[in-house]
Amino acid sequence: MGQIPVGKGGQAKDGARLCTSLLWHLAEKGHSPDEIHRMVKDVFQVIRDGGSFTVAIVNKAMEGRGWPPSVLDETTFDMMVGLFESEMGFSVRSHTVN
């Protein structure tokens, strides 16, 4: 995904673009709108209290909520985190592990 210019109202535009991209990405994977809505809510519930998360950790928690194994890929998780940052004021720090 390319960079999105930020200007007046840029945060709202970022959120709308992320949401649209996320919807298309998950729809292409065969998820219905209801599933996508539930998935976003479930991911939010998993990470909302903070902590250290990887896609594998969140996928394991999602399995406990009835989702199939590895329901999230890196792209999906990154878009959701970006959406939470844009729309809900989340502050996320990324760390690269070598």
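It should be emphasised that the depicted structure is a prediction, and the values quoted were computed from it without experimental measurement. Side-chain atoms are counted along with the backbone in the values below, which use heavy atoms only and exclude waters and symmetry mates.
Taken from CE in M39 to OG in S32, the straight-line distance is 9.0 Å, to the nearest 0.5 Å. Rounding to the nearest 0.5 Å places CG of L22 at 10.0 Å from NE2 of H31. From K41, atom NZ reaches atom CD1 of I36 across 14.5 Å, with rounding to the nearest 0.5 Å. Considering OG of S52 and CD1 of I47, their distance stands at 12.0 Å, rounded to 0.5 Å. Note that NZ of K29 is 5.5 Å distant from OG1 of T76, once rounded to the nearest 0.5 Å.
Side-chain contact check for T54 versus F77: every heavy-atom pair is 4.5 Å or farther apart. Proximity of M80 to L26: side-chain heavy atoms (C-beta onward) are separated by under 4.5 Å at one or more points. Contact annotation: the side chain of E35 approaches that of W67 to within less than 4.5 Å [non-hydrogen atoms, C-beta and beyond].
Take E74 and apply the side chain to side chain contact (heavy atoms under 4.5 Å, CB included) test, not counting sequence neighbours, and it matches V55, D78. Residues that satisfy the salt bridge (charged side-chain N to carboxylate O under 4.0 Å, His left out) test with R48, not counting sequence neighbours, are absent from this structure.
H25 and T75 form no side-chain donor-acceptor contact under 3.5 Å, judged by distance and modelled atom types alone.
Taking all atoms of both residues into account, the shortest heavy-atom contact from L18 to M79 is CD2-O, 4.1 Å. Considering every non-hydrogen atom in both L72 and V43, the closest pair reads CD1-CG2, 3.8 Å.
Counting only distance, with no hydrogens or angles, the side chain of S21 and the backbone of R17 share a donor-acceptor pair below 3.5 Å. E87 places no side-chain N or O within 3.5 Å of a backbone atom of F84 that could act as its donor or acceptor partner. With N59 contributing its side chain and P69 its backbone, the two residues share no donor-acceptor pair below 3.5 Å.
Sorted by first and then second residue, the salt bridge (charged side-chain N to carboxylate O under 4.0 Å, His left out) pairs involving residues 54-63 (not counting sequence neighbours) form an empty list.
Contact check on R38 versus D42 returns a salt bridge, with a Lys/Arg side-chain nitrogen under 4.0 Å from an Asp/Glu carboxylate oxygen.
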